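Just so you know, residue 1 is the first one in the sequence shown, and it goes up from there. Computed from a predicted model, the values in this text were never measured in an experiment.
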Amino acid sequence: MTDASALPGQPRGGVGTGPATPRAVNVLAPNPSAMTLDGTNTWLLSEPDSSLAVVVDPGPLDEGHLRTVVDTAERAGKRVALTLLTHGHPDHAAGAARFAELTGTKVRALDPALRLGDEGLAAGNAVEVGGLELLVVPTPGHTSDSLSFHLPADRAVLTGDTVLGRGTTVVAHPDGRLGDYLDSLRRLRSLTVDDGVHTVLPGHGPVLEDAQGAVEYYLAHRAHRLAQVETAVEDGYRTPSQIVAHVYADVDRSLWPAAELSVRAQLDYLEEHGLI
């Protein structure tokens, strides 16, 4: 067995429902798959002495899960006062409208189509509920509407699908763009260097104790894959499916359709920069 401290980002133990930091509790959705890993992490956030809470990514439209999130808050003596979304993929956002009904909350997101209420989210916004402060960090690339949330009091960042607790994420072409994604990773790295962030609370997978190590690994991985794709094109591989079979031969075949999205994004990036 590999020591978790030797893995990128130093993942913490298993994944399940329970406290992750003094202000963050995970409620794991029952939707495990090759793409969602153990399932979607729904984050319940609040100041320890506050009766109000924020929920980030209610998850899929699963009535049992949504009610479990509400019950988890109520057992802690808290009322959900606001719902936030990191991005619009169904495993994070499909349950948001129903969750808003259950809790009487507004839903704030970057994409206006996902909002319930007049107020959205944008770079530099500070979200404050019951003394809890979250800072909105734009992290497009996985999708164009991807956001992360900096939780300064816990020196943590909620990354949605931008950084996962295990493995790497997909640049979901054509909405996701590799150049944007690399910029987002650098933005997250600056949080670890300049703002003292050391914990990643991801959208899937375990909590990461070494945020800087995780982001550095992601940047190195992307550079490596990009070089592999560039070499594959030089060697005569032309279509995304051909490149996936060649470059991602070590990856589970069930993930090849997702890998093809990333390859398309990488090809676009190489063309934009005159490299192929």
Item checked: Val107 and Leu114: CA distance, side-chain angles, deciding distance, side chain to side chain contact (heavy atoms under 4.5 Å, CB included) verdict -> CA-CA 7 Å; Val107 177; Leu114 299 171; 5.6 Å; no
Note to self: Quick one, Asp57 with Thr86, criterion side-chain hydrogen bond (donor to acceptor under 3.5 Å, both in side chains). Give me CA distance, side-chain angles, the key distance, then yes/no.
What the structure shows: CA-CA 7 Å; Asp57 290 351; Thr86 61; 2.8 Å; yes
Checklist line | Criterion salt bridge (Lys or Arg N to Asp or Glu O under 4.0 Å) on Arg186 and Asp194, from CA distance to verdict | finding: CA-CA 12 Å; Arg186 296 182 188 108; Asp194 301 329; over 6 Å; no
Next item on the list: Output, in order, the C-alpha distance, side-chain angles, deciding distance and verdict of side chain to side chain contact (heavy atoms under 4.5 Å, CB included) for Thr169 and Val163.
Entry: CA-CA 7 Å; Thr169 198; Val163 174; over 6 Å; no
Next item on the list: Might you work through the side chain to side chain contact (heavy atoms under 4.5 Å, CB included) test for Ile276 and Glu271, ending with a clear yes or no?
Entry: CA-CA 5 Å; Ile276 59 172; Glu271 289 177 1; 3.6 Å; yes
Notebook entry, point to check: Taking it one step at a time, do Thr162 and Ser184 satisfy side-chain hydrogen bond (donor to acceptor under 3.5 Å, both in side chains)?
Noted result: CA-CA 8 Å; Thr162 299; Ser184 293; over 6 Å; no
Next item on the list: Dump the intermediate steps for side-chain hydrogen bond (donor to acceptor under 3.5 Å, both in side chains) on His92 and Asp161, then the final yes or no.
Entry: CA-CA 9 Å; His92 293 257; Asp161 283 355; 2.9 Å; yes
Notebook entry, point to check: Stepwise, does the side chain to side chain contact (heavy atoms under 4.5 Å, CB included) test hold for Val247 with Val263?
Noted result: CA-CA 9 Å; Val247 172; Val263 165; 5.9 Å; no
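Between the CG atom of Leu61 and the CG atom of Asp91 there is a distance of 13.0 Å, given to the nearest 0.5 Å. Distance check, rounded to the nearest 0.5 Å: OG of Ser148 to CG of Leu191 gives 8.0 Å. One distance of note links CG of Leu45 with CZ of Phe149; it measures 9.5 Å at 0.5 Å rounding. Here Leu267 contributes atom CG and Arg238 contributes atom CZ; the two are 10.5 Å apart, rounded to the nearest 0.5 Å.
Two residues are said to be in side-chain contact when any heavy atoms from C-beta on lie closer than 4.5 Å; Leu135 and Pro152 meet this criterion.
Under the 4.5 Å side-chain heavy-atom criterion for ILVMFWY residues, no single connected hydrophobic cluster contains both Met35 and Leu28. By the criterion of side-chain heavy atoms lying less than 4.5 angstrom apart, applied directly or through intervening Ile, Leu, Val, Met, Phe, Trp or Tyr residues, Phe99 is not grouped with Leu85; the two fall into different hydrophobic clusters. Note: the hydrophobic cluster containing Val27 does not contain Val15 (ILVMFWY, side chain heavy atoms under 4.5 Å, direct or indirect links). Leu132 and Val80 are not part of a single hydrophobic cluster, where members link through side-chain heavy atoms under 4.5 Å apart. Under the 4.5 Å side-chain heavy-atom criterion for grouping Ile, Leu, Val, Met, Phe, Trp and Tyr, Val56 is not connected to Val69 through any hydrophobic cluster.
A search for side-chain hydrogen bond (donor to acceptor under 3.5 Å, both in side chains) contacts involving His65 returns Thr42, not counting sequence neighbours.
Identified under the salt bridge (charged side-chain N to carboxylate O under 4.0 Å, His left out) test for residues 116-140, with sequence neighbours left out: Arg108-Glu119.
When all heavy atoms of Thr159 and Val200 are compared, the pair lying nearest together is OG1-CG1, 3.5 Å. When all heavy atoms of Lys78 and Ala53 are compared, the closest pair comes out as CB-CB, 4.3 Å. Leu261 and His173 get closest at one heavy-atom pair: O-CB, 3.1 Å. The two residues Tyr248 and Ala259 make their nearest non-hydrogen contact at CD2-CB, 3.8 Å. Of all non-hydrogen atoms in Pro206 and Gly14, the two that sit nearest each other are CB-O, 4.3 Å. For the pair Leu208 and Pro11, the tightest heavy-atom approach, listed with the atom from each and the gap, is CD2-CA, 3.7 Å.
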Please set out all donor-acceptor pairs under 3.5 angstrom arising from side-chain atoms of residues 70-77, sequence neighbours excluded.
unit_1: Thr72; atom_1: OG1; unit_2: Thr68; atom_2: O; d: 2.7

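Side chain of Asp145 to backbone of Asp111: no donor-acceptor contact under 3.5 angstrom is found. Although no hydrogens or angles enter the test, the distance criterion places a donor-acceptor pair under 3.5 Å between the side chain of Arg155 and the main chain of Gly196.
Using a 30° and 60° split on the angle between ring planes, His221 and Tyr217 fall in the parallel class, below 30°. Ring-plane geometry between His89 and His142 is classed as perpendicular, the angle between the planes exceeding 60 degrees on a 0 to 90 degree scale with a lower cut at 30.
Counting non-hydrogen atoms of neighbouring residues, nucleotides and ligands closer than 6.0 angstrom, the CZ atom of Arg225 exceeds 12 such neighbours.
Using a 4.0 Å cut-off between a side-chain N of Lys or Arg and a carboxylate O of Asp or Glu, Arg187 and Asp195 do not qualify as a salt bridge.
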